[in-house]
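A short write-up of the structure that comes next.
These values consider heavy atoms only, across backbone and side chains, with no hydrogens, waters or symmetry-generated copies. Nothing here was measured: the structure is a model prediction, and the numbers come from that model. Proteins come first, then strands; the chains are lettered A, B, ... in the order of their sequence lines, and each starts at number 1.
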Amino acid sequence: MADQPVVRRRIVKTGISEERTNSSKVQSQYQPYKDAAWGFSNHWYPALFSKELPEDHVEGIQICGTPIVLRRVNGKIFALKDQCLHRGVRLSEKPMCFNKETISCWYHGFTFNLDDGVLSTIVANPDDKLVGTTGITTYPVQEVAGMIFVFVREDDFPDADVPPLSHDLPFRFPENSEKFPHPLWPASPSILDDNAVAHGMHRTGFGNWRIACENGFDNAHILVHKDNTIIHAMDWVLPLGILPTSDDCIATVEDDNGPKGLVQWLFTEKWAPVMQNKELGLKVENTKGRPYRTSVVLPGVLMVENWPEEHVVQYEWYVPITDDTHEYWEVLVRVCPTDAEREKFQYRFNHFYKPLALHGFNDCDLYAREAMQNFYSDGSGWDDEQLMATDISPITWRKLASRWNRGIAKPARGVAGARKDTSLRFKDTADGRRPGYKVIKIEEE
Amino acid sequence: MADQPVVRRRIVKTGISEERTNSSKVQSQYQPYKDAAWGFSNHWYPALFSKELPEDHVEGIQICGTPIVLRRVNGKIFALKDQCLHRGVRLSEKPMCFNKETISCWYHGFTFNLDDGVLSTIVANPDDKLVGTTGITTYPVQEVAGMIFVFVREDDFPDADVPPLSHDLPFRFPENSEKFPHPLWPASPSILDDNAVAHGMHRTGFGNWRIACENGFDNAHILVHKDNTIIHAMDWVLPLGILPTSDDCIATVEDDNGPKGLVQWLFTEKWAPVMQNKELGLKVENTKGRPYRTSVVLPGVLMVENWPEEHVVQYEWYVPITDDTHEYWEVLVRVCPTDAEREKFQYRFNHFYKPLALHGFNDCDLYAREAMQNFYSDGSGWDDEQLMATDISPITWRKLASRWNRGIAKPARGVAGARKDTSLRFKDTADGRRPGYKVIKIEEE
Amino acid sequence: MADQPVVRRRIVKTGISEERTNSSKVQSQYQPYKDAAWGFSNHWYPALFSKELPEDHVEGIQICGTPIVLRRVNGKIFALKDQCLHRGVRLSEKPMCFNKETISCWYHGFTFNLDDGVLSTIVANPDDKLVGTTGITTYPVQEVAGMIFVFVREDDFPDADVPPLSHDLPFRFPENSEKFPHPLWPASPSILDDNAVAHGMHRTGFGNWRIACENGFDNAHILVHKDNTIIHAMDWVLPLGILPTSDDCIATVEDDNGPKGLVQWLFTEKWAPVMQNKELGLKVENTKGRPYRTSVVLPGVLMVENWPEEHVVQYEWYVPITDDTHEYWEVLVRVCPTDAEREKFQYRFNHFYKPLALHGFNDCDLYAREAMQNFYSDGSGWDDEQLMATDISPITWRKLASRWNRGIAKPARGVAGARKDTSLRFKDTADGRRPGYKVIKIEEE
């Protein structure tokens with residue numbers, strides 16, 4: 001056999017089909033997206049819920065490979081690069097603050113102004129030449145409706161160019177109601193609305209942020225949810241899937257002054273529910289369920305309108321931590337002008353939305369996202385995937401994100417996860433600690 | 001000292017000896033073997049015991065870096081590439097089958113014919129252009145004596161060229177009795193014999209498959225077993241080792257129509273037991289033990305005849321999972337024409353063979369194999385090892401395997417273990433899960 | 001925005017300051033140190049405490065990526081490369097010795113002379129051509145005051161060039177008392193003194209040995225210790241820090257015949273305690289504490305004189321295991337001519353020094369060292385750090401170590417930690433085992 005030339009005469013049609021939606025020509029249109037394993041820089045991301053950062057507390061997180069420390073003083077929140085410029089330790093590992101204007105490094109006392117990051121003194125070396133000549137990057141912060149947002153920028157991104165938070169948040173209603181009518185549901189609330197209340201949770205997902213994000217507005221994975229308790233508790237009947245019926249099934253939004261993203265015309269004639277698969281003998285009758293609409297804006301914020309109930313909207317973020325972990329945020333927003341409404345929303349969140357929607361329903365999305373990670377983690381997935389008609393959604397998103405992101409985050413250096421295989425990580429793992437989002441504080445003797 | 005040229009005048013003879021058996025010239029004769037870190041493709045490998053795949057069950061495994069899903073329908077077993085061509089998830093993670101002819105992906109409903117792998121429909125998109133134009137590789141399956149074998153091929157390896165299973169299984173007796181006489185024991189049974197029964201176990205070994213395999217037929221490691229309970233329970237007295245006495249101590253078998261491998265002429269005059277080591281003052285008197293013979297065939301199947309008892313034969317496989325893990329198979333075969341004999345064999349397997357031979361005895365081999373892994377894992381071991389006379393066995397094997405393998409498996413991409421250092425793996429590890437062979441199914445809410 | 005050229009007009013002074021102490025010119029003077037991730041070879045390192053290696057015991061450790069096996073015979077200790085030249089397993093994993101002159105490999109019986117490492121026989125193959133033609137490296141050993149030291153050399157480093165142990169140990173007193181006066185404390189004992197007793201502990205630190213070592217004699221990190229129990233139990237009042245007042249605040253020692261290192265003139269006028277930081281409103285009054293002096297010699301041995309009490313000295317080593325782990329040794333030495341004094345020293349060690357100094361106080365150093373590891377592990381830290389005036393200590397050390405080390409250890413191959421991401425390591429980690437210093441022996445059936 002070794003000498004005979006092998007004749008390949010396989011019948012099965014394998015390999016990459018000519019018919020897949022993302023030909024190499026299409027792929028070339030979203031190369032920047034393929035390069036964005038560590039996320040997009042110079043965008044607003046959620047960092048913590050307000051209640052996670054009480055007065056005078058300090059917390060450390062990591063976004064797009066950038067370590068960030070947050071401190072709240074007199075109610076105001078400051079965010080700085082969480083890496084001492086001296087020997088590189090994280091300030092948040094063992095918080096040390098001597099006054100309300102600065103944060104000091106617990107190791108050698110390097111002290112930084114909260115507002116501009118300048119090295120204002122060194123505890124035991126106040127006259128050192130370094131003082132006043134250097135500093136650490138600060139990050140603009142905005143707090144709305146119980147959430148803290150940080151503008152995660154490159155070190156030299158100018159203050160004057162920082163866009164408003166609203167440019168990185170979902171489209172608002174009713175101001176967009178004419179452009180994007182919604183006859184089946186009331187105008188969706190926004191986290192920026194007066195009296196908006198946000199309830200939610202965040203947890204670490206073990207996969208790249210992009211495959212997580214693409215799952216969020218994917219219209220073709222209804223199957224994953226068919227056994228979910230919420231479906232059966234509500235007596236919903238789902239179609240097999242939803243198919244685009246025309247080329248304008250998705251509207252991209254690229255206005256100068258506002259978020260860049262896309263809106264899917266779900267529950268219009270541009271998308272049709274699939275009720276039958278003859279080949280498999282599957283047939284659904286009398287579908288009954290919630291009408292909803294999904295949209296996504298940069299840097300990767302999902303909005304599901306009219307979900308899980310009227311007057312409530314669900315936001316999701318897939319905040320890049322490293323190139324193979326992201327912090328998965330699920331947030332429900334409702335406008336609650338009265339205490340009674342706030343209480344009711346909180347109660348309903350605790351006993352209905354959180355267990356059945358954020359956990360039960362979205363848990364299935366989380367495992368689907370993690371299930372894709374091996375395929376995409378070495379870069380081969382982007383080239384080998386074979387996409388179908390409904391994948392017009394992620395492809396539209398990839399192109400849009402390639403056009404409008406404000407920067408491709410560089411592969412991180414000198415931080416947790418930059419080298420994945422350090423003994424430090426094996427130590428933590430042996431101790432039962434998964435890689436995560438928040439800094440674990442040093443335990444004192 | 002920094003200025004003085006250092007004079008090296010060491011006395012100890014270190015470095016690579018001129019006398020080692022595998023000079024660089026010899027090594028060049030088995031370069032293909034050195035390249036086969038991920039195993040040999042286009043060969044038959046054991047996948048599961050029959051009882052591990054009951055009717056209508058689905059299981060996922062990985063062989064040579066290839067993810068494989070098995071499903072049994074009406075008793076027949078089908079094997080396909082366990083990676084959806086759409087977004088790369090493993091079908092076996094959450095099995096979904098709508099009929100007896102197909103398997104569907106749980107994520108978006110891509111549905112593949114069991115028999116030819118063609119994408120026959122998509123649950124929610126039956127008319128997609130992709131349908132019928134692409135598919136996933138299928139793998140020929142054969143089930144004998146309670147074991148399921150899969151032909152793990154490259155995607156374009158033609159059906160017509162698939163060799164019979166017998167070409168990748170040990171030599172059979174009595175048909176080879178003239179060629180390879182065995183005056184000390186009865187003709188060994190074969191798993192392919194009528195009424196053959198196979199009992200055994202498989203578990204993951206943490207090391208490359210080649211160093212595992214070479215341990216199997218290594219005649220020089222008797223020392224490892226000297227304290228084993230089976231030795232002392234049976235009152236055996238082992239020699240210190242066994243040495244080849246002539247160049248023809250090993251016969252290679254390279255017939256056109258049959259397995260390619262080697263047979264060692266143990267318990268003939270071509271191998272002599274070593275009874276004494278004067279230097280160390282060691283002397284063995286009156287050895288008493290089992291006569292046996294070892295042989296190995298591609299793709300790495302060990303046969304130990306007359307072991308652990310007459311009329312029983314032991315097979316071993318070292319099935320590559322990744323380049324640093326393998327599934328270690330230990331199987332005992334006996335021909336049992338009657339129910340009484342089957343019952344007795346099962347009983348003896350449970351209470352004697354399994355605890356004392358497969359565990360007690362072979363556990364020592366397993367740790368020896370894992371103990372070599374650091375030395376070989378970065379490739380330096382193959383160049384730095386210094387071999388001795390008995391190592392004619394592995395060297396003969398390496399050359400033979402280099403000549404007759406049907407393909408060198410490429411380093412895997414897009415699957416578990418392709419990148420070893422992902423956070424996904426650290427998560428699993430923190431949760432107490434070692435890398436393994438079988439897919440762990442997704443737990444539902 | 002995509003079309004507009006971005007104008008960078010950031011105010012905060014970030015990036016690398018011109019004023020940092022280690023400009024690129026300075027850095028170029030210690031390039032060898034930056035290359036020494038795996039440590040310095042051809043130096044004496046502590047291997048074990050004497051009590052860890054009783055008569056006839058065998059232990060395996062790893063230093064500078066070199067596996068080393070130690071055996072004690074008739075009181076004398078032998079050290080050899082712990083990697084069989086045949087198939088690379090560690091001899092220490094399952095010790096096998098047939099006499100008092102050799103150690104044999106448990107796998108195939110390769111037997112090495114303890115004194116010169118020559119392959120003197122193979123258990124089952126005494127006449128093999130390999131015998132006598134090859135061997136494994138031996139390492140000179142010296143045992144003093146309850147500690148075992150090994151000279152970890154390159155394979156071809158000649159016996160005749162092995163320096164005395166004293167060249168790799170701290171400076172001695174009173175013989176250096178004139179050169180380095182110590183009016184505030186009695187002459188420090190040395191481990192080489194008659195009747196010297198050493199008590200201590202060692203444990204694995206998860207970080208590179210260099211950042212660990214630099215923490216040892218760092219005068220600017222007093223802050224880390226401000227809350228330590230020993231400080232408050234002893235009623236000490238620490239200054240904010242200590243600053244150099246002149247260029248000669250550190251003396252380097254580079255005599256031909258002796259250790260190469262540096263002595264810091266602490267508690268002289270060359271270093272001034274910092275009592276106040278006006279910017280932060282911090283003021284210390286009436287400092288009260290122990291006067292002490294730190295010095296460090298190659299290959300990275302710290303001495304703290306007069307600590308934690310008079311007549312006691314603390315030594316520390318940061319023995320490289322891999323490029324990202326080190327064995328942290330903390331040893332207290334006192335001269336105890338009588339049994340009563342030995343007993344008292346042991347008692348005080350157990351009940352005061354060990355809990356409050358070696359653990360309580362130094363635990364804070366250990367976490368500080370590990371906290372630096374991410375910053376330095378990918379090499380970026382050495383270029384990005386911004387140092388201050390007190391960092392004259394590490395910079396002086398880096399230059400000195402670059403000039404006087406006897407060899408830069410090469411990145412290890414074929415040993416534990418050479419590849420960090422092997423499945424073998426994930427297996428261990430899943431089982432709860434952190435990477436460590438000592439070989440874990442094979443468990444028998």
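A/Asp218 and B/His108 form a side-chain donor-acceptor contact under 3.5 Å, judged by distance and modelled atom types alone. With no hydrogens or angles considered, no side-chain donor-acceptor pair links A/Arg210 and A/Tyr318 at under 3.5 Å. Looking at A/Tyr33 and A/Arg398, their side chains never bring a donor and an acceptor atom within 3.5 Å of each other. Using a 3.5 Å distance cut-off with no hydrogens or angles, the side chains of B/Thr252 and B/Glu254 do pair a donor with an acceptor. A donor-acceptor contact closer than 3.5 angstrom is absent between the side chains of B/Thr102 and B/Asn113. A donor and an acceptor atom, one from each side chain of B/Thr133 and A/Glu19, are nowhere located under 3.5 Å apart. A donor-acceptor contact closer than 3.5 angstrom is absent between the side chains of B/Ser92 and B/Glu59. No hydrogens or angles considered: a donor-acceptor pair under 3.5 Å links the side chains of B/Thr137 and B/Asp155. For B/Thr138 and B/Arg153, the side-chain atoms include at least one donor-acceptor pair closer than 3.5 Å. Using modelled atom types, one finds a donor on one side chain and an acceptor on the other under 3.5 Å when comparing B/Glu154 with B/Asn42.
In this structure, the portion of B/Gln83 lying under 4.5 Å from any heavy atom of chain A is its side chain and not its backbone. If you measure heavy-atom distances from B/Ala416 to chain A, the contacts under 4.5 Å come from both the backbone and the side chain. With a 4.5 angstrom heavy-atom cutoff, A/Lys226 touches chain B only via side-chain atoms. For B/Asn125, the parts lying under 4.5 angstrom from a heavy atom of chain A are both the backbone and the side chain. Interface residue A/Leu387: backbone and side-chain heavy atoms are both found under 4.5 Å from chain B. Of the atoms belonging to B/Val123, heavy atoms from both backbone and side chain fall under 4.5 Å from chain A. Both the backbone and the side chain of B/Ser120 come within less than 4.5 Å of a heavy atom of chain A. Proximity to chain A (any heavy atom under 4.5 Å) is shown, for B/Arg413, by both the backbone and the side chain. Looking at B/Leu119, there are no atoms closer than 4.5 Å to chain A (heavy atoms on both sides), in backbone or side chain. A/Arg425 touches chain B through backbone and side chain together, each having a heavy atom under 4.5 Å away. Of the atoms belonging to A/Glu18, not a single heavy atom falls under 4.5 Å from chain B. In this structure, chain B has no heavy atom under 4.5 Å from any part of A/Asp428. Contact of A/Asp384 with chain B is made through the backbone alone, with heavy-atom distances under 4.5 Å. In this structure, the portions of A/Arg20 lying under 4.5 Å from any heavy atom of chain B include both its backbone and its side chain. Both the backbone and the side chain of A/Phe426 come within contact range of chain B, judged by heavy atoms closer than 4.5 Å. With a threshold of 4.5 angstrom between heavy atoms, A/Asp431 does not approach chain B through any atom at all.
Annotation: A/His202 is in aromatic contact with A/Tyr437 [ring centroid separation under 6.0 Å]. Aromatic ring centres of B/Phe151 and B/His43: separated by at least 6.0 Å. The distance between the ring centers of A/Trp382 and A/Tyr30 does not fall below 6.0 angstrom.
Your options are B/Asn99, B/Leu130, B/Val89, B/Thr422, and the one with the most heavy-atom pairs under 4.5 Å with chain A is B/Leu130. Among A/Lys420, A/Gln373, A/Lys278, A/Glu370, the residue making the largest number of heavy-atom pairs under 4.5 Å with chain B is A/Lys420. Chain B forms the most heavy-atom pairs under 4.5 Å with one residue out of A/Asn277, A/Ile242, A/Thr322, A/Thr204, and that residue is A/Asn277. For the options A/Gly241, A/Gly205, A/Ser377, heavy-atom pairs under 4.5 Å to chain B are most numerous at A/Ser377. Interface remark: of the candidates B/Asn405, B/Ile122, B/Asp128, B/Asp128 forms the most heavy-atom pairs closer than 4.5 Å to chain A. Interface remark: of the candidates A/Ile222, A/Asp391, A/Asp323, A/Asp391 forms the most heavy-atom pairs closer than 4.5 Å to chain B. Heavy-atom pairs under 4.5 Å with chain A were tallied for B/Glu93, B/Arg87, B/Lys129; the largest tally goes to B/Arg87. Heavy-atom pairs under 4.5 Å with chain A were tallied for B/Tyr107, B/Phe110, B/Trp106; the largest tally goes to B/Tyr107. Highest contact tally toward chain B, considering only A/Met372, A/Arg433, A/Gln276, is held by A/Met372 [criterion: heavy-atom pairs under 4.5 Å]. Among the candidates B/Glu101, B/Lys81, B/Met96, the residue making the largest number of heavy-atom pairs closer than 4.5 Å to chain A is B/Met96.
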Could you walk me through whether B/Lys260 and B/Asp255 pass salt bridge (Lys or Arg N to Asp or Glu O under 4.0 Å), step by step? CA-CA 7 Å; B/Lys260 311 293 189 281; B/Asp255 302 340; over 6 Å; no
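Counting only distance, with no hydrogens or angles, the side chain of B/Asp168 and the backbone of B/Pro259 share no donor-acceptor pair below 3.5 Å.
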